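The structure under discussion appears below in the form of structure tokens.
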Amino acid sequence: MKIIMLGAPGAGKGTQAEMICEKYGLPHVSTGDIFRANIKNGTELGKEAKQYMDKGQLVPDELTVKILLDRVAQDDCKNGYVLDGFPRTIPQAEVLEDALNKLGDKIDYAINVEVPDENIINRMSGRRACVNCGATYHVVYAPTKVEGICDKCGEKLILRDDDKPETVKSRLDVYHKQTQPLIEFYSKKNILKEVDGTVSMNDVFNNIVAILG
Ligand code: AMP
């Protein structure tokens, strides 16, 4: 089974992707994670991607498509995968479709996790991350035992730059302009499934499982 997760940044598609992967035994392929791992390891790819990521912009298609096609050609992706954060543009979707066509293959489902912008800005501005261990919390939905202090390591919590309202707003703009057209793209191919992302994490997941069977 090959699945694409669609949705705005902060819609919870990463969490759902992980839950799907665990239940169905599929690899979780996140281009964002691949870029972050490259940044951490100081690779050339990481250096180039970082320039765009820091501004909330998309990494150019050429670079992104290459790392994605390399990743899904690996052995563990033979029986399927869940794509999280790819495709993010129509050209990316077309390259993926062509590559799969050549193998006589196709995407089975594109699942759109729908959350209105107001909810996303609320969710992200309430997010807090530990400066030391990176654990994340939410002031309302996942609070720490002691305000502003990490439950796991006792260090201070901060609001990360990419969760600040200005950055979230620019990432949402990029999403609406470049990624949202994919909803129509996959709808025309009759593989689009929409789920309400404003309900609890487990309810979103149950709705996805009802679709995937
Ligand atoms: P994510 O973790 O999916 O939110 O991705 C973090 C950042 O990585 C994005 O804001 C982009 O700068 C970059 N990125 C991840 N996936 C893609 C993609 N498919 N196309 C272009 N840029 C991407």
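Keep in mind that what you see is a predicted model, and the values were worked out from it rather than measured. Each ligand, and each atom within it, is numbered from 1 in the order the structure gives.
Taking 4.5 Å as the limit, every side-chain heavy atom of Y141 sits out of range of all side-chain heavy atoms of S200. M5 places a side-chain heavy atom less than 4.5 Å from the side chain of Q16. Contact check for R160 versus T136: side-chain heavy atoms found under the 4.5 Å cut-off. L83 places a side-chain heavy atom less than 4.5 Å from the side chain of L96.
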>> Let's go through K78 and D76 carefully: what are the C-alpha distance in whole Å and the side-chain angles of both, what is the deciding distance for salt bridge (Lys or Arg N to Asp or Glu O under 4.0 Å) to 0.1 Å, and is it a yes or a no?
In response: CA-CA 6 Å; K78 250 194 225 147; D76 63 328; over 6 Å; no

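Which of R88, K50, M5, M53 comes nearest to atom 1 (P) of ligand 1 through a heavy atom is settled by distance: it is R88.
Interface atoms of ligand 1 facing Q92, defined by a heavy-atom separation under 4.0 Å, are 18 (C), 19 (N), 20 (N), 21 (C). Within the listing of ligand 1, atoms 16 (N), 17 (C), 18 (C), 19 (N) sit less than 4.0 angstrom from a heavy atom of G85. Below 4.0 Å from some heavy atom of R36 lie the following atoms of ligand 1, by number and element: 2 (O), 6 (C). Set against the non-hydrogen atoms of T64, the atoms of ligand 1 under 4.0 Å away are 18 (C), 19 (N), 20 (N), 21 (C). The contact set between ligand 1 and R171, taken as ligand atoms under 4.0 Å from a residue heavy atom, comprises 4 (O). Of all atoms in ligand 1, numbered sequentially from 1 with element shown, those under 4.0 Å from a heavy atom of Q57 are 11 (C), 12 (O).
At under 3.5 Å, not a single nitrogen or oxygen of D33, backbone or side chain, sits near a nitrogen or oxygen of ligand 1. Close N/O approach between V59 and ligand 1 is found [any backbone or side-chain N/O within under 3.5 Å].
Judged by the 6.0 Å distance and 45° axis criteria, K177 is not positioned over the aromatic ring of Y175.
Summary of contacts: the protein heavy atom closest to atom 23 (C) of ligand 1 is F35 CE1, 3.8 Å.
A side-chain donor-acceptor contact under 3.5 Å links D117 and H176.
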